[in-house]
Amino acid sequence: MEQILAMTKPSPSATALLACICLLAFISPAVHAEDPYLFFTWKITYGTLSPLGVPQQVILINDQFPGPNINSSSNNNVVINVFNNIDEPFLFTWNGIQQRKNSWQDGMPGTNCPIPPGKNFTYHFQVKDQIGSFFYFPSTGMQRAVGGFGGLRINSRLLIPVPFDPPADDYTVLIGDWYTKSHKVMASTLDAGQNIGNPNGVLINGKTGKDASGKDDQPMFTMEAGKTYRYRICNVGLKLALNFRIQSHVMKLVEMDGSHTVQNDYDSLDVHVGQCLSVLVTADKTPGDYYMATSARFTKYSRNATGIIRYAGSTTPPSSDIPAAPIGWAWSLNQWRSFRWNLTASAARPNPQGSYHYGGINITRTIKLLSSVGLVDGKRRYAINGVSHDNPTTPLKLAEYFEIADKVFQYNIISDDPAPEAMNAIKIAPNVIKATFRDYIEIILQNPERSIQCYHLDGYSFFPLGMGHGKWNPARRSTYNLLDTVSRHTIQVYPRSWTAIALTFDNAGVWNLRSEMWERHYLGQQVYVSVLSPVRSLRDEYNMPDNALLCGAVVGLPLPPPYVI
């Protein structure tokens, strides 16, 4: 169920009164017009589907797989009443939504108690000062492996110009790898210290593009000749970076992870796990059917999926000649270097310390995060700076709010500059870094392994300053892009390479910095960043919502004093 509260057009007789009200609102800061609301009711259930031709249990939202698309505009209030009708606790997280001052709605196990089976919880958050393409997914256990994900778009408000003409239509394309194992089997496999192996296939919007006999599915999208369309492409998978392309058509990149980009043309684009981007595609070819294709990158094995885009009225099948994906990660690195932030676009963008010139801000702290993998009691674990994160029964955010953090976890058990020998032994514990409110921090993501990695930070967008092969050292700063790197929330780290990001920690709360490769995440390759305001003020953070679920050690405790202005 979806409802949108819309304003009605005032009658001519009300014009004078409306003008007076607007004038009073202008001269009185206490009077504000509330932003529009979007209301949804979602029922979470299991269902049996065969995405790869093998019947398996999947997670449905209102009987849909993938889940419903959320179509919002900047500053809308989104209210989603979630009924958990499966047999496990459940949480949604909203990948890339910054939840300004409101980590209460982030939906990670470190910030929220999960929704128990048979119960419901209402998320209420504002897509504040954001635009672009995002998605949501289940954040508990391995549930993400079997569905529960969907697209989330934030359109620019009408008064804010967009740096391209309105498209004829706007399409969401969710690509990702897929396993035929159940999420419970995958979780128990990981708990036993084994790996889950390679994905069995790749899907586009829940389909491979072929039926059991190898015949093409019906077209996913339709274009009219001569018109231009927007495609929002998100990698919602668990493990594989994917290359996306549209047969015979050029893609004009216009947005990624909520930032407008310089509009370069590409024949294909690498989309790493957790990332989203938008392209414009013009129907300027001979009318017919054309494949869109996605393929695994950086693997020795092949995983592919297709979908058909049809020109209206076409009866011409697509050509079997599908362009191949590029080879090697050097190509991908060079493509990343071609991405540039559109500094002339009038739209929401991060504004650290009152300046768009992020390259001129003094770095107050450098944190090096080194990934590792090893055995603990004979079982595989992944770690950051020698610590493999383990979620306590009391969410970190609740422990902080109720002022019992010292009974639940310790801050800063990892070093900002870990010694290599510290990686030899992995410790399992809650991994929490304390950050100073509004400090501008540089984070170095170091990948010593042969496989690609990908990291996401909740609550923020950040500036990917640079990346390169080998180990990072201070001399690498001379290679940074300090002018127009694209602000993002998810970034890749190539094999045996480093990536440097920077951001101002100006959003109070507890935020998850994680590997987006969900096997790694599940086995501990994540850390939480606690950003505490120096005062308990509503200017910096909202109070815990009245409907917040309580669990662990905070159950039965008296509520702390509320934040005040």
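Atom NZ of Lys207 has 12 or fewer neighbouring heavy atoms from other residues, nucleotides or ligands inside a 6.0 Å radius. Around the CZ atom of Phe221, the shell of radius 6.0 Å holds more than 12 heavy atoms that belong to other residues, nucleotides or ligands.
Between Arg157 and Asp35 there is no salt bridge, since none of the side-chain N atoms of the basic residue sits less than 4.0 Å from a carboxylate O of the acidic one. One finds no salt bridge joining Asp63 and Lys43 here, because no Lys/Arg side-chain nitrogen approaches an Asp/Glu carboxylate oxygen to under 4.0 Å. Using a cut-off of 4.0 Å between Lys/Arg side-chain N and Asp/Glu carboxylate O, Arg245 and Asp267 are scored as not salt-bridged. Under the 4.0 Å criterion applied to side-chain N and carboxylate O atoms, Asp177 and Lys239 are not assigned as salt-bridge partners. Remark: Lys210 engages Asp216 in a salt bridge, criterion side-chain N to carboxylate O under 4.0 Å.
Taking the six-membered ring for Trp and the full ring otherwise, the centers of Phe125 and Tyr123 sit at least 6.0 Å from each other. For Tyr136 and Trp42, the distance between ring centers is under 6.0 angstrom. Not less than 6.0 angstrom separates the ring centroid of Phe505 from the ring centroid of Trp511. Aromatic pair Tyr455/His272: ring centres not closer than 6.0 Å.
Between Trp518 and Phe137, the ring planes are perpendicular. Angles over 60° get that label, and only those under 30° would be called parallel. Between Phe149 and Trp178, the ring planes are perpendicular. Angles over 60° get that label, and only those under 30° would be called parallel. Ring geometry for Tyr37 versus Phe39: interplanar angle under 30°, hence parallel rather than tilted (30 to 60°).
Residue Leu38 holds its CG atom at 11.0 Å from CD of Gln126, rounded to the nearest 0.5 Å. Taken to the nearest 0.5 Å, the OG1 atom of Thr45 stands 9.0 Å off from the CD1 atom of Ile86. Taken from CD1 in Ile491 to OG1 in Thr499, the straight-line distance is 6.0 Å, to the nearest 0.5 Å. Between the CG atom of Leu457 and the CG atom of Leu445 there is a distance of 10.0 Å, given to the nearest 0.5 Å.
Within the 3.5 Å criterion, the main-chain N or O of Gly226 finds no donor-acceptor partner in the side chain of Asp284. Between the side chain of Tyr528 and the backbone N or O of Gly110, at least one donor-acceptor pair lies under 3.5 Å. For Tyr301 (side chain) and Ala296 (main-chain N/O), no donor-acceptor pair under 3.5 Å exists by modelled atom type. In this structure, Gln263 contributes its side chain and Lys252 its backbone to no donor-acceptor pair below 3.5 Å. Listed for the Arg310 side chain is no donor-acceptor partner under 3.5 Å among the backbone atoms of Pro317.
For the side-chain hydrogen bond (donor to acceptor under 3.5 Å, both in side chains) condition, the pairs that include at least one residue of residues 100-118, sequence neighbours left out, are Arg100-Asp506.
Not counting sequence neighbours, the partners of Tyr229 by the ring pair (Phe, Tyr, Trp, His ring centres under 6.0 Å) test are Tyr171. Under the side chain to side chain donor-acceptor pair (under 3.5 Å) criterion, Glu255 pairs with Ser133, Arg230, Ser278, sequence neighbours left out.
Between Trp331 and Asn243, the closest side-chain pair of non-hydrogen atoms falls below 4.5 Å.
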